[in-house]
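Here the structure is laid out as structure tokens; the discussion comes afterwards.
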Amino acid sequence: MLSINTHNPRALITAPKIHTDLLWDLSLLFVGLALLYFLFIFYFRNKLSAKTKKVAQKKKDLSPIISEFLFFEEESSKDEKTNYIQLKIEIRQFLKDVFNRRILSEVLLDLSIDVSGSTQKSLFKLYKELDLHKDAYAKLESWRWEIVSKGILELTQMQVSESYGFIIKRINDKRGTIRKQAEIATVTLKHEGISYFLDTTRYKISEWQQLKILEVLRNKKDFNPPKFKQWLTSNNKYVVLFSLRLIKHYNQNDAELSIIELVKHKNTQIKQEAILCIKEFGFMSATDTLKLIFWNSSTDIKITILSALSEIGTEDDLPFLHQIENKERNFYVKSKALSTINSIAPETIMPTKEIEKNIVHNTPKDIVIPEEEKLIIVEKPEENTIENTEDSQESIEKVEDLKINDSIHELRQEELAIAINATDKEFLETDISDSLGFLPIVTSKEKENTITKDSKPEIKPEDIIVNFQKVVPTNSANIQVEYTIVELNNKNEILALNLDFLPIVTTNVIPEKPEEINPLDLQVIGEEISVEKKETLNIDFLPVIYDIINATEEPESTVDVPNSKIENITTIFEEISVNNEAITEEENTILNIDKLLSNENETTTNINVEEEFYIPKAVFCDKRELEMLSLLEDLNELGDVREIPLLEEYLLKEKDGIIKDRIIELLEKFYKELPTTKKEINMDDVTTETSILEELFTNADTESKLILLNEIVAVSDKKELKLLMNLVEDEDERVREKAKKCLEQLKAQIESKNTKPDDSFEPIPLEYAFLEDYKAELQKNNINPSKINNLDIEEVSTINKEPSFLEQFYSFSSKLFDKF
Amino acid sequence: MKKKILLADDDELLISLLQFRLKKEGHEVTFVSNGKEVKEYLNNTIPDVIVSDIMMPYFSGIELVDFVRNELRLTIPIIIISSAGNEENVLSAFELGANDFLSKPFSPTELLLRITKELNK
């Protein structure tokens, strides 16, 4: 064993020598201080609780007197009046004491919160009659801010309107609490208070304060709000902001120009509030200003502007909104722009995400969709939607396409309008777009084949000449339209043009009006699917019976089968004779149990139920056996290797087979728990173990690695094999070479350990000492423990001589230290 | 006509005021300041009407309604007094069988009228 020094034997700090008397003196001082502290606590607590009790008692005494005052009526009897006067005299005497005055004020203030109506008025009257408000005035003169605030609150709560003049002076008090209390008092006490406050306040009005003032105003009876627009020009931006909110609250929409001007305010809150006012009041003249400020505004303001535009915007604002949609990078603003477009012109932006466009291709061949409908299905998504795509380039291209589409659409409409006879004009004006809505896009087949989607050369609307011929509608259901070919100025480009956007074009073809097809009249051709038993019918779910469908194979499954023939298909149910050999016993258990219960297995399965389901008879143990087994169970749960001698003794004595088996089981279990050193080193296992030195090597530089490698073999074991293997592939050549050597040395070291008989055991620890005694006992009686009950019991060894990992680590560090 | 009224509220000042007002009208008023006392009183006496604050120590006004309606199986009128902004609790009280409610601040005269109305039903 290595002796390891884990501490420096010399103390670095030594305790100063203190005289014992001084220590005693200090102890006494601190004890005295502690006692003093507790005495103070005790005294003040008692004083406070006594005071609280006194106050509560006073309040209790006062409450009937107050009630008497509050509910006194002039029409009362003479006795009551006498009593009332008597009480008044009493209470005046009572109020000569300052403490009593304070208590009475508190009581009245408390009650004023809970009561309303005539009782509240009586309360206010009583408060003034007893001159309690003079105490509140006195509080206003205090230098302490909390006293002043209390005074203002008291006067406000008791509605002492005479105090208004004293309180308004404090609106611009530099102490925030007093200022806020004064603001509320000013607004509460008089109707003109709000005007005075907005005129004179120089400080910030917090959001909370604004809410409180607004609440006061809302609860004011007969309050006639002033025109708040007069404060929109205030130098105090908070007054402007609050005024805007008040304007919105009281619906004062007579300040249109001022509000629109405030949209340009530097302060974001004012700007936002002004936009909200515009939205609320629907100031349509503000749209230009809103558009003007839009691009330089923050995201929140942009969203607010778009929200306002969705309310006040017109179709003239759509190009601006499309611009936002294309240029704006912020997702929220972009989304808001899209929603605004849809608010102004509903369903302008259609859903495009994950919408299937090629519906027509998936239609079964046998279902005949008229060409007209097919083309409409293809055309509509492209014509009416704008792809909401992240790729700006792509979206710009699409917008260009859309613009061209729009231009052509407009041209077509204009041409149509000119060509239409005056008589037909009325009809077309009414619902021309709807009437022509059914018309498909028809292009010449040859051209269609040559046009590819990928080739998209630039095309200007002016390059296209579209000749429309007269549309002569006979009636709304039977319109005949003549179309002429679209001619392009630059005919060389015809093959490369993407003509997806083009409207209805044919080669001088007058399409006959297709027969109107009522969806109900469509002939749906039913297709009978003939199912082959072996190939497609999945009968896994069928437990016992399966269907044989008597189907005739058709060369092409698409051959029409009349519905009536379906009835002729016969289904034959046939019982399956289960081959018992094919089904494993495990799989068949449930089946057999069912059969056992139903007694139906004789003919089909040939299973002898009695053989299959052998039910063992109950085995009863006698009392001794039961106790023994119970003991063994306890040993199993609570015991450890120390129980081996006892168990072996039992094993020798025991004759009962069951108990013997159980003892052997327990012995096997405990033998496994004994520590052993004779484990073979498995190289595969070794490589999976992680060395603690790995971290050191990971963070070390080359020099440190080399130093560590010098010492590693001495302290390493199998865990370091993996580390060394990794180091063999190190970037540095010196490390690689060194690692190789170390690896070889370590391998040799491990192999030698494996081959060498390990006879160098340390003394057995105390906990296993009993085993030695036990062995001696067995030898004395000529009993070989390994042969007990034919058990192959390995001789166990105890503690390994090899130093523990911690010891190795310590020794390694000390070695390293010595080296340095 | 003299009626037994139970006032349950932890605000003794208000209770005292209400008691005075109701006594002036000739009613017999008992007041209790917490839920425990309410239970004790109700186990011994059945008042003609109960006026209770919704927030009380030990036993809230809602629990009181529940106790009276579901445990004592009494149909006596119960008027609930609540602070402003406590309307959700008032709804619960109504669901359990409260007859009326008043929100603070309230006029004692109004309470008297409501009590009279409930007694006359």
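In what follows, every chain begins at residue 1, and chains take the letters A, B, ... in the order their sequences are listed.
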Selection from A:Ser118, A:Ser112, A:Gly117, A:Ser63 maximising heavy-atom pairs under 4.5 Å formed with chain B: A:Ser63

Which atoms of A:Leu70 are under 4.5 Å from chain B, going by heavy atoms: the side chain, the backbone, both sets, or neither? side chain

Side chains of A:Asp61 and A:Gln57: donor-acceptor distance under 3.5 Å anywhere? yes

Which of A:Phe124, A:Tyr127, A:Tyr84 passes ring-ring contact (aromatic ring centres under 6.0 Å, His included) with A:Phe69? It is A:Tyr84

Of all of B:Thr109, B:Leu111, B:Leu14, B:Ile81, which one pairs up most often with chain A through heavy atoms under 4.5 Å apart? B:Leu14

If I measure from the heavy atoms of chain B, does A:Leu111 come under 4.5 Å with its side chain, its backbone, both, or neither? side chain

Contacting region of A:Glu68 [heavy-atom separation from chain B under 4.5 Å]: both

Six-ring centre of A:Phe71, B:Lys24 cation under 6.0 angstrom, axis tolerance 45°: no

A:Arg102 bridged to A:Glu106 by N-O distance under 4.0 Å: yes

Got a donor-acceptor contact below 3.5 angstrom from the A:Glu280 side chain to the A:Asn251 backbone? no

Part of A:Asp114 lying under 4.5 Å from any heavy atom of chain B: both

